[in-house]
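Let me begin by presenting the structure, written as structure tokens, before commenting on it.
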Amino acid sequence: MTPASTQQDLADLYRHLHAHPELSFQEHETAGIVARSLKELGFEVHEGIGGTGVAGVLARGEGPVVALRADMDGLPIEEATGLDYASRARGVDRDGREVPVMHGCGHDVHVTALLGAAARLAANPEWAGTLVTIFQPAEELGSGAQAMVDDGLYDLVPRPDVVLGQHVAPLPAGMIGLHPGASYATSDSLRITFFGRGGHASRPEAAVDPVVMAAAFVMRAQTIVSREVAGTDTAVLTVGTFHAGTKVNIIPDDATVELNVRTYDADTLERILGAIRRIARAEALASGADREPSFEELDTFPILVNDPDGCRRTVPALASAEGVQRVIDPGPAAASEDVGVLATTVDAPCVYWILGGADPRLFADATSETEMMRVLAGVPANHSPQYAPAIEPTLSIGVSALEAAALEWFGDAVDRSPRRASDG
Ligand SMILES: [Zn+2]
Ligand SMILES: [Zn+2]
């Protein structure tokens with residue numbers, strides 16, 4: 001693959017990445033494509049940071065250091081889009097299981113758009129400073145950004161004055177969403193194993209059924225947000241996996257559930273995690289279990305705060321970027337993101353926006369925000385096996401948004417858009 005500079009190159013690169021997704025911390029081929037492209041563009045390239053992370057540096061004398069970030073990992077999802085470039089890839093997950101792999105979160109859009117923006121900025125003589133491109137692994141685990149930092153990212157590349165990035169979502173292409181302040185939730189995942197006593201399906205009186213125990217826990221856990229969290233606080237609790245048993249006529253020994261909690265503040269989080277443990281122990285007791293359930297912490301994401309001044313400065317640049325029709329404030333998202341780690345580590349502002357990636361024609365008849373939301377609810381979203389961003393105009397807008405935002409922070413000499421007094 002050559003550096004993606006034309007619309008056709010970008011689309012080809014995107015389809016290639018989409019057909020060849022890689023799981024978190026296994027983004028070897030993707031990282032190789034990224035590194036080769038950056039080298040061809042004249043960047044100084046650092047590879048293998050935090051595992052598979054890649055950073056590129058393009059230095060042009062005195063001036064600000066602007067970092068643009070993309071994440072590279074796919075998800076263990078069997079793709080069901082039916083597209084001719086759909087993934088048929090398989091991988092091996094952290095637990096050693098063979099799983100299907102899909103770019104179900106659109107990180108292929110992020111990689112392609114950032115390489116496109118790198119090409120455009122490399123060809124644009126009208127800025128000074130240092131451009132840093134950060135391609136991170138394992139966003140889906142919440143640990144890829146931290147892994148790059150821990151592996152000395154900021155000893156290898158200059159410390160940025162700002163970290164900019166974007167996430168594709170099923171807003172109509174041409175629309176960008178940016179919320180100042182706390183924008184993405186904390187996310188904590190937990191595995192709970194309930195221990196029963198196995199036996200023959202015909203003799204429940206001689207067993208302790210962990211399926212009923214875990215099922216009772218799942219139902220009661222769904223009262224935590226509605227009955228134990230204040231109406232003014234926001235939280236989401238989802239049980240994402242439930243595994244027990246091997247055969248229909250056997251009562252299994254144990255049952256395992258994995259759940260995910262999202263909030264915007266530490267107190268609410270502590271309260272919910274406490275309630276989860278209390279209810280799990282109580283259900284085990286209610287079932288007559290011999291052993292308490294076990295708890296294992298899985299992934300943790302920090303909260304992502306969009307710098308308010310940084311947002312004020314970036315919004316006009318995004319609004320004037322080619323193809324962008326509207327910049328909206330969609331409010332905070334319950335999704336989570338680890339991009340903030342790249343900024344908080346060096347005390348730099350972070351500005352992270354949502355890139356519309358749905359075919360705008362789907363929204364042609366929506367005249368109000370309510371109608372738009374109704375259409376939106378019917379469009380497959382990130383992490384769905386049917387998630388399929390429209391290649392164009394999404395990629396072109398993704399490139400121009402990154403380029404426009406970077407140029408704004410370089411404060412170049414080119415008069416691109418009228419500046420407001422408050423922008424600086
Ligand atoms: Zn995701
Ligand atoms: Zn994502």
Side-chain angles (χ1 to χ4, degrees), residues 14 17-18 21-27 30-31 34 52-53 68-81 87 89 91 93-94 99-114 134-148 163-171 173 176-179 183-189 236 238 240-241 258-262 298-304 306 330 332-342 350-358 379-389 394-395 398 401-402:
Y14 170 75
L17 292 172
H18 189 83
E22 297 169 292
L23 291 170
S24 304
F25 286 126
Q26 302 178 30
E27 308 91 338
T30 310
V34 166
T52 47
L68 303 179
R69 175 272 203 178
D71 41 10
M72 304 189 287
D73 50 334
L75 284 163
I77 298 176
E78 183 106 55
E79 178 158 356
T81 59
S87 164
D93 72 8
R94 284 183 291 177
V99 290
V101 190
M102 171 191 179
H103 263 303
C105 203
H107 298 182
D108 44 357
V109 172
H110 309 167
V111 172
T112 309
L114 181 44
I134 301 172
F135 294 81
Q136 76 156 76
E139 187 281 331
E140 294 292 349
L141 303 182
S143 49
Q146 191 65 51
M148 287 187 81
V163 176
L164 305 169
Q166 58 189 357
H167 204 302
V168 66
L171 287 176
I176 281 181
L178 178 57
H179 178 70
S183 305
Y184 285 78
T186 64
S187 168
D188 282 68
S189 296
V236 180
T238 293
T241 77
E258 290 176 332
L259 55 80
N260 174 257
V261 178
R262 289 159 196 262
L298 304 173
D299 315 323
T300 299
F301 287 76
I303 194 165
L304 168 62
N306 260 329
S336 301
E337 249 304 333
D338 70 351
V339 59
V341 170
L342 298 170
C350 180
V351 180
Y352 194 70
W353 60 89
I354 294 171
L355 173 71
V379 180
N382 309 60
H383 290 212
S384 155
Q386 274 99 25
Y387 182 53
T394 307
L395 289 177
L402 286 171

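Order of listing sets the numbers, starting from 1, for every ligand and every atom in it. Values in this document were obtained by computation on a predicted structure and should not be read as measured data.
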With a cut-off of 2.8 Å, does His383 put an N/O/S atom close enough to the Zn ion (ligand 1)? yes
Would you say the side chains of Gln136 and His110 form a donor-acceptor pair under 3.5 Å? no
In short, His103 meets Pro21 closest at the heavy-atom pair CD2-CB, 3.5 Å
Looking only at N, O or S atoms, find the one in Glu140 nearest to the Zn ion (ligand 1) and name it. OE2
Check for me whether the distance between the ring centres of Phe301 and Tyr184 falls short of 6.0 Å. no
Could you walk me through whether Glu139 and Arg69 pass the salt bridge (Lys or Arg N to Asp or Glu O under 4.0 Å) check? CA-CA 11 Å; Glu139 187 281 331; Arg69 175 272 203 178; 5.0 Å; no
Indicate if the distance from the Zn ion (ligand 2) to the nearest N, O or S atom of Cys105 falls below 2.8 Å. yes
